[in-house]
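Take a look at the structure below.
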Protein chains: 2
Amino acid sequence: MKDLPPFAQHFILHWGEMGTKWGINRTVAQIHALLFLSDRPLHAEEICEQLGVARSNVSNSLKELQNWGIVKVVHLPGDRRDHFESIQDVYELFRVIAAERKKREIDPTLVRLRACANEAGATDNPADAHAKEQLESLLGFFELVSDFYTKMDRLPTKSAIQAIRMGDKIAKSIGALMK
Amino acid sequence: MKDLPPFAQHFILHWGEMGTKWGINRTVAQIHALLFLSDRPLHAEEICEQLGVARSNVSNSLKELQNWGIVKVVHLPGDRRDHFESIQDVYELFRVIAAERKKREIDPTLVRLRACANEAGATDNPADAHAKEQLESLLGFFELVSDFYTKMDRLPTKSAIQAIRMGDKIAKSIGALMK
DNA sequence: CGGATATTTCTGTCTTTACAGAAATTGAGA
DNA sequence: TCTCAATTTCTGTAAAGACAGAAATATCCG
């Protein structure tokens with residue numbers, strides 16, 4: 001990371017480390033961090049040089065970031081190379097990540113949980129009653145999360161932020177009304 | 001997975017697969033799934049037999065689940081072996097997971113982002129202005145998430161669920177009032 | 001206290017992932 | 001059209017992670 005200021009280097013290293021906790025390869029996350037901080041699109045060779053990784057690794061990692069939808073190719077006039085840029089707006093970035101995680105994790109889990117709950121419901125073995133109940137409860141939770149996601153995704157960013165800021169106060173008021 | 005009904009097996013396999021997307025080892029996640037479905041605490045040998053994994057691997061994985069706070073040791077009268085049980089309540093389970101993720105990921109990221117933003121703020125190199133802005137914006141986002149977590153964690157489960165169910169409607173109303 | 005049981009730690013190996021560099025392919029421009 | 005640059009794919013290898021089984025340690029109970 002030769003030409004980067006220390007604060008950028010620290011951020012990139014940290015982001016890479018967080019990536020591994022989220023099931024994302026360190027280099028992929030570091031490349032994303034670099035593009036996120038950059039004020040202009042970067043081409044692959046620049047990324048190689050800045051992060052000190054092989055060209056082929058950069059190529060594969062960029063493909064993955066594109067699959068996540070958070071990085072896209074742009075072409076600059078007078079330059080035949082692909083340049084890459086990250087979504088710059090933080091809220092948009094996390095919105096896209098959430099959408100992709102819902103697609104890759106939540107939706108398949110919902111499908112699987114519904115199937116398992118149905119299978120469990122079709123059996124009358126008392127030994128399975130608890131497991132059935134657990135699956136149904138977990139299904140309810142994932143449905144709640146999925147609903148929450150869907151609704152929030154429809155809101156403009158400002159409204160979503162408001163909901164998040166005030167959600168607990170409103171819940172308290174609802175609680176008070178219900179008493 | 002010899003003695004488990006097919007629906008349980010399907011769930012356990014799926015949960016293990018999801019684990020890998022969340023940065024958790026497959027076997028660890030599968031052991032958790034087994035304990036989550038079980039209507040009684042299981043001892044290590046039972047887990048080995050049910051999942052077909054080595055005793056030492058079970059031992060290490062249970063340690064990790066305990067570190068996450070979602071599995072605990074219980075001792076049964078007349079049986080010297082450690083038995084293990086998962087948190088059974090889904091909302092409590094995800095509350096504990098969220099707390100641990102905040103501690104392991106959000107909090108260190110906040111610390112790091114604050115440090116980076118300060119470093120970036122102490123430099124007046126115009127080339128760094130964009131990166132500084134990006135870091136500050138990301139810091140704002142993580143602070144929002146951290147706040148949201150803290151507030152929701154204080155609510156009883158029912159109120160938290162209400163907030164999640166109604167949050168978008170209220171955000172729309174706030175938006176209408178602001179116009 | 002000694003033997004048996006239970007658990008943990010260690011070690012070696014297997015598997016998977018990550019990675020660099022070579023080779024192949026694609027696309028742009030003269 | 002040909003050459004060269006850019007990119008992707010492939011291959012081999014290194015590293016990391018996962019895992020089983022042996023060895024060591026700890027604990028219980030007769």
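All figures in this text were calculated on a predicted structure; none of them were measured in a lab. Proteins get letters first, then strands, A, B, ... in listed order; numbering begins at 1 in each.
When the P atom of D:dT7 is taken as reference, atom CG of A:L62 falls 10 Å away, rounded to whole Å. Straight-line distance from the CG atom of A:L42 to the P atom of D:dA6: 16 Å, rounded to whole Å. The interatomic distance linking B:E64 (CD) with D:dG17 (P) rounds to 12 Å, in whole Å. The distance between atom NE2 of A:H75 and atom P of C:dG27, rounded to the nearest whole Å, is 11 Å. Rounded to an integer number of Å, the gap from CD1 of A:I47 to P of D:dT8 is 11 Å. The CD-P distance, from B:E45 to C:dA6, rounds to 9 Å in whole Å. With rounding to whole Å, B:E49 atom CD is found 12 Å from C:dA6 atom P. Rounding to whole angstrom units, CG of residue A:N57 and P of D:dT11 are separated by 18 Å.
A search for salt bridge (Lys or Arg N to Asp or Glu O under 4.0 Å) contacts involving B:D153 returns B:R95, not counting sequence neighbours. The salt bridge (Lys or Arg N to Asp or Glu O under 4.0 Å) test applied to B:R101 returns B:E105, not counting sequence neighbours. Looking at residues two or more places apart in sequence or on another chain, you find no salt bridge (Lys or Arg N to Asp or Glu O under 4.0 Å) involving B:K151. The salt bridge (Lys or Arg N to Asp or Glu O under 4.0 Å) check on B:R104 picks up B:E100, with sequence neighbours excluded. A:F142 meets the side chain to side chain contact (heavy atoms under 4.5 Å, CB included) test with A:I106, A:T109, A:L110, A:L113, A:L138, B:W15, B:F94; sequence neighbours excluded.
Pairs passing the side-chain hydrogen bond (donor to acceptor under 3.5 Å, both in side chains) check and including a residue from residues 58-79 of chain A, sequence neighbours excluded, read A:H75-A:D82, A:D79-A:R81. Applying the ring pair (Phe, Tyr, Trp, His ring centres under 6.0 Å) test to pairs two or more places apart or on separate chains, none has a residue in residues 103-135 of chain B.
A:L76 belongs to a hydrophobic cluster with A:V74, counting contacts under 4.5 Å between side-chain heavy atoms of Ile, Leu, Val, Met, Phe, Trp and Tyr, direct or through other members.
The shortest side-chain heavy-atom distance between A:P108 and B:H14 falls under the 4.5 Å cut-off.
Here A:E136 pairs with A:K132 in a salt bridge; the nearest charged N to carboxylate O distance falls below 4.0 Å.
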Exercise for the section: Do nucleotides 25-30 of chain D as a string where each nucleotide becomes B, S or -: B if the base has a protein heavy atom under 4.0 Å, S if just the sugar-phosphate does, - if no protein is that close. Expected result: --BB--
Please report, to 0.1 Å, the donor-acceptor pairs under 3.5 Å made by any side chain of residues 118-126 of chain A, with sequence neighbours excluded.
{"from": "A:N118", "atom 1": "ND2", "to": "A:R114", "atom 2": "O", "distance (Å)": "3.4"}
{"from": "A:E119", "atom 1": "OE1", "to": "B:F7", "atom 2": "N", "distance (Å)": "3.4"}
{"from": "A:E119", "atom 1": "OE2", "to": "B:H10", "atom 2": "ND1", "distance (Å)": "3.2"}
{"from": "A:T123", "atom 1": "OG1", "to": "A:N125", "atom 2": "N", "distance (Å)": "3.4"}
{"from": "A:N125", "atom 1": "OD1", "to": "A:A127", "atom 2": "N", "distance (Å)": "3.0"}

What are the atom names and distances for every N/O pair under 3.5 Å that joins the protein to nucleotides 9-13 of chain C?
{"from": "C:dT9", "atom 1": "OP2", "to": "B:K63", "atom 2": "NZ", "distance (Å)": "2.7"}

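For the segment residues 22-30 of chain B, residues with any heavy atom less than 4.0 angstrom from an atom of DNA chain D are, sorted by number, B:N25, B:T27.
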